**Q** 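The structure follows.
Residue numbers start from 1 in every chain, and the chains themselves are labelled A, B, ... in the order their sequence lines are given, proteins ahead of strands. Keep in mind it's a predicted model, so treat the numbers as computed, not measured. We use all heavy atoms of the structure for the numbers below, so side chains are in, but hydrogens, waters and symmetry mates are not.
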There are 2 protein chains.
Amino acid sequence: MSLDQTDRRILRVLQKTGRISNADLSEAVNLSASACHRRVQRLEADGYIRDYVALLDARKLNVPTTVFVEITLSGQADEVLDAFEKAVSRIPDVLECHLMAGTADYLLKVVAENTDDFARIHRQYLARLPGVAQMQSSFALRTVFKTTALPV
Amino acid sequence: MSLDQTDRRILRVLQKTGRISNADLSEAVNLSASACHRRVQRLEADGYIRDYVALLDARKLNVPTTVFVEITLSGQADEVLDAFEKAVSRIPDVLECHLMAGTADYLLKVVAENTDDFARIHRQYLARLPGVAQMQSSFALRTVFKTTALPV
DNA sequence: TTTCAAACGGAAGAATCTTCGAATACTGTC
DNA sequence: GACAGTATTCGAAGATTCTTCCGTTTGAAA
């Protein structure tokens, strides 16, 4: 099964305003409310729509600082990777963790109050991660833009 | 004005399931429906809650590949940065753009169908960005985890 | 043209939201 | 401790929205 233009329009709208009423959504995509509702349910059931979430303001919540951390492990054995990933996933300040090709093994996206707070996170969590050979942190001075909306 | 424990619980829930009914949310945080509703409205009005969005499945939508692109500009003049940022913000496949401290000037998060598709994005958009002195792309082999939920 | 399956629209009951007034809990002052 | 003033709570009810049902339309294949 695949997506037609109407499905894509629905997804584009929901990626921007996930709490739009079904009536308004149906109008935005030129469908009746019932037909629109059926399509949304199908998109949810088929897994195209993973979740609906609230996006919070990082400044207001006092975590305006983003840091990217490149990590090289001491080995490539599965046990080393698994142990590392398991430990990383428990750190609440780490929002993303990617296994990378190239020099570094992992790239982490971390949020913090400020540099001091990142020092705490580093000391409390990052420095204790298992199997780490090298770690390099890069601070974002400013987030130019950021979206969760995939190209559809 | 600041957040008490109930506010934080509300935010934690909404970050996970942004479409929870107010009745269920009020139960989850031990409030009456009306009191809960008032708090959510305040959190929205005060800007703690930015948006409600649907998160889509990148695999299902055929953009399973994430690439991080480090870019160094040829100069640091405001006009150079502004022109660069303006041009980057028009590329639909770029989900994030951060101005960085350290060696590279910018870090971009890009999604693509596969490596060939990234080559297209590179040729069509990235290679044409103004003021670029150097560019290095790092492919993610696998996204270990990813969340939009800030620590609250 | 006929048939069939898929998708559609409109209507109605069920669920939910949103707002109101009255009651309760907190806070600072005397 | 008593008091006043403010902020926050609760429960109820009207307004809105969701969800399902059923008859109709559409489009593709025989």
Side-chain angles (χ1 to χ4, degrees), chain A residues 1-63 113 147-152, chain B residues 1-63 113 147-152:
Chain A
M1 72 140 287
S2 69
L3 303 176
D4 63 16
Q5 273 310 108
T6 302
D7 288 324
R8 292 179 191 280
R9 271 208 296 273
I10 290 175
L11 292 178
R12 274 196 291 272
V13 172
L14 289 178
Q15 277 195 123
K16 295 291 179 189
T17 70
R19 258 197 161 172
I20 190 174
S21 77
N22 184 63
D24 289 349
L25 177 60
S26 68
E27 191 173 354
V29 301
N30 284 324
L31 273 185
S32 71
S34 58
C36 183
H37 184 254
R38 244 192 313 272
R39 277 179 183 256
V40 172
Q41 280 193 323
R42 191 178 52 106
L43 291 167
E44 289 171 359
D46 291 349
Y48 288 93
I49 298 174
R50 264 192 176 297
D51 272 319
Y52 297 91
V53 302
L55 298 182
L56 307 186
D57 187 306
R59 280 218 170 69
K60 285 264 184 186
L61 286 162
N62 206 25
V63 284
E113 286 181 33
T147 180
T148 57
L150 303 176
V152 177
Chain B
M1 70 141 287
S2 70
L3 303 176
D4 63 16
Q5 272 311 109
T6 302
D7 289 324
R8 292 179 189 280
R9 272 209 295 273
I10 289 175
L11 292 178
R12 274 196 290 272
V13 172
L14 288 179
Q15 277 195 123
K16 296 290 179 188
T17 70
R19 259 198 161 173
I20 189 174
S21 77
N22 183 64
D24 289 350
L25 176 59
S26 67
E27 191 173 355
V29 300
N30 284 325
L31 274 184
S32 70
S34 58
C36 183
H37 183 254
R38 180 195 301 281
R39 277 178 184 257
V40 171
Q41 279 193 323
R42 191 178 52 106
L43 291 168
E44 289 171 0
D46 291 350
Y48 288 94
I49 299 173
R50 263 192 177 297
D51 273 317
Y52 297 91
V53 301
L55 299 181
L56 307 187
D57 188 307
R59 278 218 173 68
K60 286 265 183 184
L61 286 162
N62 205 26
V63 284
E113 285 181 33
T147 180
T148 57
L150 303 175
V152 177

**Q** Check residues 30-37 of chain A and write down every donor-acceptor pair under 3.5 Å in which the side-chain atom is one partner and the other belongs to a residue at least two apart or another chain.
**A**
residue : atom : partner : partner atom : Å
A:Ser32 : OG   : A:Ser34 : OG           : 3.4
A:Ser32 : OG   : A:Ala35 : N            : 3.3

**Q** What is the distance from CZ of A:Arg38 to P of D:dT26, rounded to the nearest Å?
**A**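 Going from CZ in A:Arg38 over to P in D:dT26 covers 15 Å.
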
**Q** Mind checking which nucleotides bracket the chain A contacts on DNA chain C, 5' to 3', with an atom under 4.0 Å from a heavy atom?
**A**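 First and last nucleotides in contact are C:dA7 to C:dG10.
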
**Q** Could you work out, with salt bridge (charged side-chain N to carboxylate O under 4.0 Å, His left out) as the rule, every residue matching B:Arg39, not counting sequence neighbours?
**A**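 For B:Arg39 the salt bridge (charged side-chain N to carboxylate O under 4.0 Å, His left out) partners, ignoring immediate neighbours, are B:Asp4, B:Asp7.
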
**Q** Look only at the side chain of B:Arg19 and the backbone of A:Gly18, and say whether a donor-acceptor pair between them is shorter than 3.5 Å.
**A**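 Present.
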
**Q** With the side chain counted from C-beta on, respond yes when B:Thr148 and B:Gln15 share a heavy-atom pair under 4.5 Å apart, and no when they do not.
**A**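 Side chain of B:Thr148 against side chain of B:Gln15, heavy atoms only: no contact under 4.5 Å found.
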
**Q** Let me see the working for A:Asp24 and A:Thr17 under side chain to side chain contact (heavy atoms under 4.5 Å, CB included), right down to the final yes or no.
**A** CA-CA 11 Å; A:Asp24 289 349; A:Thr17 70; over 6 Å; no

**Q** Just by distance, do the side chain of A:Thr147 and the backbone of A:Ala149 share a donor-acceptor pair under 3.5 Å?
**A**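 Yes, A:Thr147 side chain to A:Ala149 backbone: donor-acceptor pair under 3.5 Å.
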
**Q** Starting at atom CZ of A:Arg42, determine the distance to atom P of D:dT19, rounded to an integer number of angstrom.
**A**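 Checked: the CZ to P distance equals 17 Å.
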
**Q** Quick one, A:Val53 with B:Leu14, criterion side chain to side chain contact (heavy atoms under 4.5 Å, CB included). Give me CA distance, side-chain angles, the key distance, then yes/no.
**A** CA-CA 6 Å; A:Val53 302; B:Leu14 288 179; over 6 Å; no

**Q** I'd like to check the side-chain contact (heavy atoms from CB on, under 4.5 Å) partners of A:Arg9; sequence neighbours left out, ordered by chain and number.
**A**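 A:Arg9 satisfies side-chain contact (heavy atoms from CB on, under 4.5 Å) with A:Thr6, A:Arg12, A:Val29 only.
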
**Q** Could you state the CD-C1' distance from B:Gln41 to D:dT9, rounded to the nearest angstrom?
**A**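 B:Gln41 atom CD is separated from D:dT9 atom C1' by 15 Å.
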
**Q** Find the bend of the helix from C:dT1-D:dA30 to C:dC30-D:dG1 as the angle between its two terminal axes (five pairs each), to the nearest 10°.
**A**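 It works out to 40° between the end axes.
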
**Q** I need the NE2-C1' distance between A:His37 and D:dT19, as an integer number of Å.
**A**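 One finds 5 Å between C1' of D:dT19 and NE2 of A:His37, rounded.
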
**Q** Can a donor-acceptor pair be found, under 3.5 Å and without considering hydrogens, that links the side chain of B:Lys60 to the backbone of A:Arg50?
**A**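 It does not hold such a pair.
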
**Q** Hey, is the main chain of B:Tyr52 close enough, under 3.5 Å, to the side chain of A:Lys16 for a donor-acceptor pair?
**A**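 Answer holds: no.
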
**Q** State, yes or no, whether a side-chain contact exists between A:Tyr48 and A:Leu3 at a heavy-atom distance under 4.5 Å.
**A**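 A:Tyr48 vs A:Leu3: side chains touch.
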
**Q** Tell me what B:Arg39 touches on the nucleic acid: a base, only sugar-phosphate, or nothing, going by heavy atoms under 4.0 Å.
**A**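 If one applies the 4.0 Å heavy-atom cut-off, B:Arg39 turns out to touch the sugar-phosphate alone, with no base involved.
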
**Q** Write down the distance between CG (A:Asp4) and P (D:dA28), rounded to a whole number of angstrom.
**A**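 So the two atoms are 13 Å apart, to the nearest Å.
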
**Q** Which residues, if any, of residues 14-32 of chain B bring a heavy atom under 4.0 Å of DNA chain D?
**A**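 Only B:Leu31, B:Ser32 qualify.
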
